[in-house]
Structure formats: C-alpha cells, structure tokens
Amino acid sequence: MSASASPRTDGWPMRAAQAMLAPVLAVAVAMVVGDLLILTYGESPATVYHLLLEGTWGNWYGFGQVLYKTMTLTCTGLAFAYAGRAGLFNVGAEGQLAAGGFAAALLGLWLPAATPAGLAILLCVAAAMAAGGAAGAVPGVLRARFGASEVIVTIMLNFVLLAMLNYAVASHLSVPETLHTESMRSGFVPRLGGTFALFAGSAANWTIVIAVAAAVFAWWKLFRTRSGYELRAVGLQPDAADYGGIPVPHTWIRAMVWSGAFAGLGGINFVLGYKHYYEEGFAAGSGFLGIAVALVGRNHPIGIVISALLFATLSQGGLAVNALVPKQLVDILQAVVILAVATAVPEVQRLLRKSAAALMPRASLEAST
Amino acid sequence: MILLAFLLQTIRIAIPYLLAAAGGVMSERVGVIALGLEGMMLGGAFGAVLGSYYGGSAWIGLVCAVAAGLFVASLLALCTLRFRADQVVVGIAINLLVIGATRFFLRLAFDSASNSPRVDGFGGEGSGLGVMASFSNPLVLLGLLSLPALWWLLWRTPFGLRARAVGEKPEAAATLGVNVGALRLRGVLLCGVLASLGGAYLALDQHQFTDSMTAGRGFIALAAVIFGRWMPLRVAAACLFFAAAETLQIQLQGIQLVPSQFVELIPYVLTIVALAGVVGKSVPPAALGKVE
C-alpha cells in the first residue's frame, strides 16, 4: 500500500492526535470511576474535583508541589519508556531511583564543603545516574546473556536493592533516631522559592530543569542518533534488527543502562533539591508510577513530561481532597488510567486499522495487491 | 518440642505462599503472567475481614474473600484476554488498584486509615495445643493440599492436558478444538480464588486487616513459582523452603548471624539466580504473556 493512500497517518499533528486518543479516553474513564467512588462517601464529585484543582493549580504553593513531583515522575517515566522503546520492561525504576538518590547523598556527604557548587552538582548528578545505570545493567546483562526475563529480574531486584540500602542506612549511616543519612556538605540545588518568592515553602527546585533536559536528551538520542535508531529497531522487531546487523544483546544492555540512569537521575530531586540527605522510602512508589507516566505519554519524551505533570497533579490533588474522601482516591484513579490506556491502545489501533482499510479507495487496494 | 514449634511456624508462614503460588502456577500454565498475585491476595484479605466482621463468621469471610479474588481476577482477564492489553502492565496496575482501593474503602468500612477492628477467625492459631489446633483452620489443610491437587489436575486430567497445551502452544491446542480463551479465563479465575484464600488466611490468622498487609507475599509466591520451575511439587518445596528460612530468621533473632534483611532476600536472590540459569535454568511456559 502506498503512503499517500492513507493521509491520516501523515504529518505529526495527525499522529499526535491519534496518539492522544487512548490517553484522553482513559482519563475520561477514570473520571467516571472517580465520580462513583466519591459518591460512595456521599460527597459531590464536582466539589471534590474542584478542590483537587484548587489545591494544585489554584495556588503557587500547590503548583510548586506539583512541579516537585513532576521532576521525579518525568525521570521514572523516561526510564520505563526508554527500555520500552527497545522492547524491554523496566519494572525496577523504584530501586534504581533509590540507588540514584543514595549515591548522590553519599557523594554530597563525602565532597568537601568548599567544592565549587557547579562541580559538586555535576558530580552528584553523575553519581545518581551511574548508580541507577548500574542497577539497570544487572537485568540488562542477565537478559542479554542468559535470556532471563527482565520483568521478573527487575521486580526481584527492587526488593533486593531497597533492603540493602535500608540496611546500609539503618545500621551504618543514619543519624541516630532517624532513618536518614547525615546532611550533605555540598551539591545543593536551590529551590524555586529562592528566585520566585511566589513558590516559597514548596519543595519545587531547579532540578526540574535537569529533568526536562533529560527528556530532550532522550528524544534526541532515540530519534536523532544511530544508536537510538538501532534501539527502536530492536524494540519493533528484534529478528529483523539482528538480520540487519544490529547487535541485539548489546542494544538491550545499553537500553537498560540508560533506562536505569534516567530513573537514578530522579533521585536528585529529593536529595539535592529538597532534603539534602537520603531517607528510607523516599521513592514512595514514584518508580511504579513511572510506568503509568510512560504509558499515557505513549513512550515519547515530550508526551512523558506532559503526562508526568498530569500524574503529579493527581498525586498532589489527593492531599487536597483528603478531608472529604481518602487521598487514596487518586491511587485508584492512577491505576484505572493505566488499565484503561493499556486496554484502549491496542483496541484503538485495531479500530484505526479497520477504518483505514474501509476508507481506502478500491483502486489503491488493487494496486497494492 | 523446638522442632515441632519450628515446623508449625514454618507451615503457618507457608500457607499463604502455598495457596498464592498454586494460583500462580495455574495462571502461568495457561499462559497468563501472574503479576497480579499480590493484588488478589490483598483483595482476599480485605474481603475476608469485611465478611467476618459484618457477617459474624469466618466462613462468610471466606465467601467474601473468594468473591473479591474473583472480581480482581475477572478485571485482569477482561483487560488481558478480552482486550489483549499487555499482561505485565495490567498485572502491575491491578496491584496498585487493589492497594489503593482497600485503603480507600478501609475508612468507609471501618472508619480507620490503617486497620480494621479485631475479627474472630477460625480460632486455635498460635495456641499451645499443637498440631490439632492449627488444623482446625480449614485453610491450613487446603493450603497444604493445594499444590499436590494442582499437580493431579494438571498432569492427570483432560482439563490439565488442555491447560498446559494452551500455555505452551495455543495454536496447536486450538487446532484440536480446545477453546483457548475459555480455558485461559478459567485458569485466571482459579488463580484469583486460590490467591484470595491465601490472603484470607493471612488476615484471619492475624485477626484483622491492616493497610497493605500482604507486604510483597504475592511476589514471594511468584518467586516460588519461578524457582520451582512451574512444577507444582517443586513450587510447594520452594514455598516451604522460603517459609523455613523466614522462621529460622524469626527464631534466631537474638543471635544475628546475618542481618535479618538479608534472610528476607533469599527468595528474590534465588529467583534471579534461577532465571539466569547458573544452577539449572528456569524456562517458563512457551506462550507465557502472549495472547494473540
């Protein structure tokens, strides 16, 4: 079939619209489920949703908190998407995120206080990415060398990594009576509140710029470099890629290392930008939520930044409505969005294919056969 | 006496693993990845306490637990079998959904953010009466028998032969007239029932529901499935082994030969080692995760 016969797939606006169909559908489904859940508590859905918006986009503090959460979710979303483009599932972002934060906190503690700020930040960022990348390399190598399912290995590795970090902190590194390490001496990233007084009090900090830069970098790497092309080819059809001379196992390992590095980078948000120490449990599910972010963002770096903003809004919004309905309302909504997108995407694609075939002129069909 | 106490505690810890792992074997043998075990267990635990508290009997609790497990399993089946959504993504989302939903409804049902009030359970657990007292709980017997029974079901009945065929080579099974979709649905629903009973045992044994009380046990059960290479009796041995390691760690708490965190890691590390094939490779059913 010739490309001109189906103008609907031409040009990025059409493709973007098609890509957004499933997520928009999913959010609509989630809203309806949310209505029902809110009604079980005898509250009015309109009031609750209004409160949710007001507590997030309605004031600068709330918006700052949303931006803060967007940073981590962008990174874990990129992590899932980057591996996903290579046809791999990185379910290990939770552990990789914690490893990244841990490495950054330790380096910040070890570097002398006199280290130039820029250099210290650069080194801590590199440490976070290296730790996350190392954690991602394990399932990558096991998959490439032994064919071990990266899904299971990353899930199991989450438990292993978190337990080992907790052990290290609890028995060797923590400040007495707490579950966190000593405060860093260098490598602080200032909060947005320091520059824009409106954000004062919120945890939003300049690492958000690093996250957006990481998204741009991921886009460039995936769509503008040879290694990105190879990675996507392996993800679409490993056998064809192999036939075309692309080293598939190496590509898998590279993809998992970068994926882990993106997740690890998310750790600097809490550590460099907010608390300046590593604390047990700071990842708090952001790793798993990255899966949702990547799904709704359709594994595209730009989509992921937008989708991270959406999920951050939901997370923060839960706190705003907690007086009326339990904040776990948003956990349910987030899960419903994942289920709906995962379900709708293959369905929408089938429908699009069907309607494209139905609309195609008979002549072009005959020409193609 | 110490040995008996060790054995009893091992069994007590192993029951939820055995039940959930039996569900996991069933689901994966028909080709559906059992990542939702954790959610099914947690749903079962919540249902059990809800039924026991408002119904006044542990038996009603069991009925509610199974209903909750079936609901979660149906949702998973709807997404993965009917709509062919990705099984890994759906499994993870199901877990997040149940964790959120049980917390959400905890406040509605029991007016608490963290736990339910005490429920009676089947009685007899943990008392000094020994073996008989523990067996007054029907779930203990059911748990011990679940995997041997599953072995019989999968290897000695026509249903089992078809189920395994569907998990290994669905096209071939379909050619012979097996309804692949219906068989997978039954496998997933049976998985939901078994896993929810595992969760019910946990909740009734502790006499209450607490927030996220399954605490990764569904994944330990999944680890046992993989470490036991999808063979019911090996999986049962893996569950008992994991439980024995936990018991040992609890009973040796004072001695601290190794930090307790590392003992908890045994199932996870062994699973990774088994998948890497260092000592005999774990190979999943050929059609696992593929629905087309």
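Letters A, B, ... mirror the listed sequences (proteins, then strands); counts begin at 1.
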Donor-acceptor pairs under 3.5 angstrom involving side-chain atoms of residues 288-295 of chain A: please list them, not counting sequence neighbours.
none

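Only the side chain of A/Val91 comes within less than 4.5 Å of a heavy atom in chain B; its backbone stays farther off. Of the atoms belonging to A/Tyr167, heavy atoms from both backbone and side chain fall under 4.5 Å from chain B. Both the backbone and the side chain of A/Leu37 have a heavy atom closer than 4.5 Å to some heavy atom of chain B. For A/Ser171, no part lies near chain B; criterion is any non-hydrogen pair under 4.5 Å. For chain A, no part of B/Ile33 is nearby; none of its heavy atoms comes within less than 4.5 Å. Of the atoms belonging to B/Leu108, heavy atoms from both backbone and side chain fall under 4.5 Å from chain A. Both the backbone and the side chain of A/Ile332 come within contact range of chain B, judged by heavy atoms closer than 4.5 Å. In this structure, the portion of A/Val151 lying under 4.5 Å from any heavy atom of chain B is its side chain and not its backbone. Residue B/Val90 touches chain A through both its backbone and its side chain, counting heavy-atom pairs closer than 4.5 Å.
Between chain B and the residues A/Thr343, A/Val337, A/Ile338, the most heavy-atom pairs under 4.5 angstrom are made by A/Thr343. Contacts with chain B were tallied for A/Asn166, A/Asp331, A/Asn158, A/Val325; A/Val325 has the most, counting heavy-atom pairs under 4.5 Å. Top candidate by heavy-atom pairs under 4.5 Å with chain B, chosen from A/Ile152, A/Leu142, A/Val336, is A/Ile152.
Among residues 36-44 of chain B, no residue has any heavy atom closer than 4.5 Å to a heavy atom of chain A. Scanning residues 212-222 of chain B against chain A with a 4.5 Å heavy-atom cutoff picks out B/Gly216, B/Phe219, B/Leu222, ordered by number.
Between A/Thr154 and A/Met256, the shortest heavy-atom contact is CG2-CE, 4.0 Å. Here the shortest heavy-atom pairing between A/Pro249 and A/Ala144 reads O-CB, 3.5 Å. Closest approach of A/Gln316 and A/Gly55 over heavy atoms only: CG-O, 4.3 Å.
In this structure, the side chain to side chain contact (heavy atoms under 4.5 Å, CB included) partners of A/Ala312, at least two apart in sequence or on a different chain, are A/Val66, A/Lys69, A/Thr70, A/Leu73.
A side-chain donor-acceptor contact under 3.5 Å links A/Gln334 and A/Ser315.
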